Amino acid sequence: MSDQKQTDLIHYTDSGALYGKPGLDLLLVETLHCRAVIAKQGAQLLEFRASNREPLLWLSPKALFEPGKSVRGGIPLCLPWFGDNRVDPTRPKHGLVRAKTWELAGVKELPRGEIELVFTYCHGGNALFSTAFLCEVTMILGRELDLQLRLENRGDESAEFSWAWHTYYAVDDVREVEVRGLENCEFLDKTRGLRRFTQEGVLTFPGEVDRVFENAPAQQQIATRAPIESHSENCHSVIAWNPGAELAATLADVGEHYREYVCVEHGNAFANSWQLAPGEMASAALRLAR
Ligand code: TA6
């Protein structure tokens with residue numbers, strides 16, 4: 001692809017220009033297939049909309065664009081630990097990489113006009129997570145959205161990695177949403193001390209829901225107007241979350257907007273966490289369509 005074409009399809013911009021809130025560098029991709037906005041911080045997709053379709057992702061109208069703080073909405077990547085750190089709960093929730101600036105390592109236009117972006121983040125090992133690792137996220141932006149993750153242990157001892165794509169889907173009203181594809185699966189309920197239950201019927205969101213499904217099936221459907229399909233590869237955990245009205249009121253960047261999204265997250269956490277030996281690499285993928 002020529003540089004000229006590259007500049008036509010990808011615009012280097014920032015959160016001040018796009019959202020009136022300066023702070024983060026952004027990429028805007030506009031093609032015949034889709035429109036997408038990505039923050040270099042966290043390699044976080046903030047918006048994705050296939051042409052003539054409903055937006056796939058929710059970005060909070062109250063989102064803050066502050067360096068070092070994950071933006072509320074889109075698809076933050078939680079890694080190298082998901083949720084609270086099990087060794088030391090005072091460490092940042094959901095790991096490190098969502099608040100770090102990633103490198104844009106590759107930009108390509110594929111033969112059918114999709115745009116492929118490759119982002120990398122290299123962790124050298126520190127007091128928060130002693131093992132060095134390399135993380136690579138590939139996004140293929142077409143009529144559908146394809147995400148791929150490659151993670152390599154670059155340290156000299158075996159380490160546990162837990163992670164998830166913490167996807168915020170845009171919905172009309174979370175109280176009317178059904179998530180299909182988790183029926184009869186066991187889950188750990190974060191609102192009830194992580195006790196284990198079985199999902200009876202489709203998953204609904206009448207109030208606060210925070211559930212971790214281990215060994216979950218590879219496909220889900222979010223049934224709402226313009227339903228959303230997810231298909232994962234080697235993502236064995238699904239986490240479903242919406243705070244409900246009361247908890248949302250305590251989250252400055254959510255508030256009354258909690259009805260506009262549902263999180264259905266894909267990755268490998270809890271019993272599905274990855275144990276990687278020195279030099280070992282693991283990968284996973286997620287395809288989303290609306
Ligand atoms: O994935 C669900 C969850 O772990 C919830 O418990 C909720 O706190 C959410 O993530 C958001 O976390 P954050 O740190 O982004 O506010």
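Below, all heavy atoms of this structure are taken into account, side chains as well, without hydrogens, waters or symmetry copies. Start at 1 and go down the list; that is how both ligands and their atoms are numbered. Worth saying up front: this structure is predicted, and the values here are computed from it rather than measured.
Remark: aromatic rings of Trp163 and Trp274 are close, center separation under 6.0 Å. Tyr261 has its ring centre less than 6.0 Å from the ring centre of Trp58. Two rings, from Phe129 and Phe161, have their centers less than 6.0 Å apart.
Relative orientation of the Phe65 and Tyr19 rings is parallel, given thresholds of 30° and 60° on the angle between their planes.
Of all protein heavy atoms, the one lying nearest to atom 8 (O) of ligand 1 is Lys93 NZ, 2.4 Å. With hydrogens left out, the protein atom closest to atom 6 (O) of ligand 1 is Asp210 OD2, 2.5 Å, a heavy atom. Ranking the protein heavy atoms by distance from atom 3 (C) of ligand 1 puts His94 NE2, 3.7 Å first.
Using a 4.0 Å heavy-atom cutoff, Arg98 is listed among the residues neighbouring ligand 1.
Residues satisfying the side chain to side chain contact (heavy atoms under 4.5 Å, CB included) criterion with Glu160, sequence neighbours excluded, are Arg86, Ser273, Gln275.
Using a 4.0 Å cut-off to heavy atoms of Ile239, the atoms of ligand 1 that qualify are 1 (O). Ligand 1 places these atoms under 4.0 Å from at least one heavy atom of Arg72: 11 (C), 13 (P), 15 (O), 16 (O). Less than 4.0 angstrom separates some heavy atom of Lys190 from each of these atoms of ligand 1: 3 (C), 4 (O), 6 (O).
Salt-bridge check for Arg225 with Glu54: passed, with a basic side-chain N closer than 4.0 Å to an acidic carboxylate O.
Residue nearest to atom 2 (C) of ligand 1, selected from Glu265, Lys69, Arg211: Glu265 (by heavy-atom distance).
The one candidate from Pro76, Cys78, Pro92 that meets the side chain to side chain contact (heavy atoms under 4.5 Å, CB included) condition with Ser70 is Pro76.
For ligand 1, none of its N or O atoms has an N or O atom of Trp241 under 3.5 Å away.
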